[in-house]
Number of protein chains: 2
Amino acid sequence: MLQALAPAAVQHPCSSPSAAGSTTEAPWQRGSAPGPQEHPGTELPRLLQQCGLPLRRRLVHDGDVIYRSGDAFTDLHLLHAGIVKTVATSSDGREQVVGLHFKGDWLGFDGIAGRCYGCDAVALDTGEVWSVRYDTLIAAALDRPELLGLLHAAMSREIARDRASMLSLCTLSADARVADFLRQWVEALEQRGLRTDRITLCLSRAEIGNYLGMTLESVSRALSRLAKARVIRFAEKGRRHVEIPDPRALGACIERSLEPGTAVQ
Amino acid sequence: MLQALAPAAVQHPCSSPSAAGSTTEAPWQRGSAPGPQEHPGTELPRLLQQCGLPLRRRLVHDGDVIYRSGDAFTDLHLLHAGIVKTVATSSDGREQVVGLHFKGDWLGFDGIAGRCYGCDAVALDTGEVWSVRYDTLIAAALDRPELLGLLHAAMSREIARDRASMLSLCTLSADARVADFLRQWVEALEQRGLRTDRITLCLSRAEIGNYLGMTLESVSRALSRLAKARVIRFAEKGRRHVEIPDPRALGACIERSLEPGTAVQ
DNA sequence: CGCCACGTTGAGACCGGTCAAACCACGTGG
DNA sequence: CCACGTGGTTTGACCGGTCTCAACGTGGCG
């Protein structure tokens, strides 16, 4: 887990004097004008450092809590490495994994409106989180509109992603939901330029099931069926390592399961 | 529908010279410091007008499309009156109602990141939409951080609301989901200071079912059961008018259905 | 080794989907 | 005025996908 957490990444920022290349378009729009779904990648860390923002860096491990529902909202958190889940809890005690977050994602947007976080953020893996005070971040963004643009884009992506989850939850069968879950995971890796033929599910079956609105047994069965259909393959050691020879086969699998009377296999 | 759309509301803004009361707290935080879940209410329209932002006002009616998925993103839209649904469509044609929006909500946040809208926004009722160019809005917000704060709070609320939907979708039975749907609707009215003992569902059973991840028949059955349990009552004319004597009975109903082996009635 | 958490697989029950019929409100046109 | 068609809603009967419960397998660790 967490390849290449170089020691250099742990020392403090506040270096590299500002040298933002001028852009022809409005500064609060994304500087490099990438494709519609591409991930901003590495420009954000550089920008944060250029602004001289006081970041607090923190190494986290599996199970570490980054913030809890109800904690006073003061910071936004940039996930610099690792994987984090966000868990919502209703007043009557129901728990629900509502999001998975990868490198480059921001955490804590849901706390802005209510002045306190609305869910728990828990690390699923070794990783690193950069925390910035929200008010200093906004103060800096007022001087550097491109930073504001990146923030807005991140919030916008979060909203779009939540909607995609709802679509998946409401319109797909349990098996298809699992396939779609894998597809989304692969997509997240792809956008970050990581290898996509093999993924490590750092959640238990129970967590996956909770996220997808089904039981852990159904998740297990769905994965077994996908494996039997040769869409995925379990790596030799441990059933949390999944090989995905062709990611597009997952999509085909989902579409096939939409036709009535068609199971995965 | 749409009570009190005074003629005065249709004439153009750009009046009332700025006279923002100074606040003791940072300007990008919400000016009036209300409770954690209160709706900003009417301060936003005033602020938009103070900034002299060029708004385009548009009256909409049931079925009118405000924007479509794939349309180029240029504007954010403030729903000044009426009710709007947002509908996501997957590449393979599945449609999903992913949000309901009431007076004071912003529409179009999901278009910021990808430069085009990610879903359709369709009016469910007579109403009025104010459209502002996103870039002019941001330019204005850089001069008036309290406007930026309101925007961020709106995005934050949207994210929190989506998560609440996921929680409801994944953890509640069909009947409880319908009860929770009504509860949320009442809550939305409450936050806007409207009467909550009677609501008009301006969606068909099919739309409600789609939104809640169930069939229209199940919605109908759930409503019938709630009526039989005296938690709701259908008004004499039309089955889209629902009286809710005690909104808290809905919550009790949801909790009761969590205990195993307990249906609504 | 035993223990424990996690994962898999099977059998049966049940919730909610599917299909079908009937009802209702509303508008149109004879 | 009523006949008719239409779209939305309700209700019932049946079926199937998931959940529930249970047993078993597996890998890690003291």
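Lettering of chains follows the sequences in order, A, B, ..., and the numbering in each one begins at 1. Excluded from the calculations below are hydrogen atoms, water molecules and symmetry mates; all remaining heavy atoms, backbone and side chain alike, are included.
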Please tabulate, for side-chain N and O atoms in residues 214-222 of chain A, each donor-acceptor pair with protein atoms closer than 3.5 Å (sequence neighbours left out).
residue	atom	partner	partner atom	Å
A:Thr215	OG1	A:Ser218	N	3.3
A:Thr215	OG1	A:Ser218	OG	3.2

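Atom CZ in B:Phe234 sits about 15 Å away from atom P in C:dC24, given to the nearest Å. Between the CZ atom of B:Arg240 and the P atom of D:dT9 there is a distance of 4 Å, rounded to whole Å. Summarising the geometry, the separation between CE on B:Met214 and P on D:dT10 is reported as 12 Å, rounded to the nearest angstrom. Atom CD1 in B:Ile232 sits roughly 13 Å away from atom C1' in D:dT10 (whole-Å rounding).
The listed nucleotides are C:dT8, D:dT11, C:dT18; the one nearest the side chain of B:Thr215 is C:dT18. Comparing atom distances between the A:Arg221 side chain and each of C:dG16, D:dT9, D:dT20 picks out D:dT20 as nearest.
Nucleic acid contact for B:Gly209: none, since no nucleic acid atom lies under 4.0 Å from a heavy atom of the residue. Within the 4.0 angstrom heavy-atom criterion, no nucleotide atom of any strand lies near A:Leu223.
One finds a side-chain N or O of B:Ser218 lying less than 4.0 angstrom from the OP1 or OP2 phosphate oxygen of C:dG17. A:Ser220 has no side-chain polar atom (N or O) that falls below the 4.0 Å cut-off from OP1 or OP2 of C:dT9. An OP1 or OP2 oxygen of C:dC23 is reached within less than 4.0 angstrom by no side-chain nitrogen or oxygen of B:Arg239.
Heavy-atom contacts from other residues, nucleotides or ligands closer than 6.0 Å to CZ of A:Arg240 number more than 12.
When the options A:Arg57, A:Arg58, A:His77 are evaluated for a side-chain hydrogen bond (donor to acceptor under 3.5 Å, both in side chains) with A:Ser131, the one that passes is A:His77.
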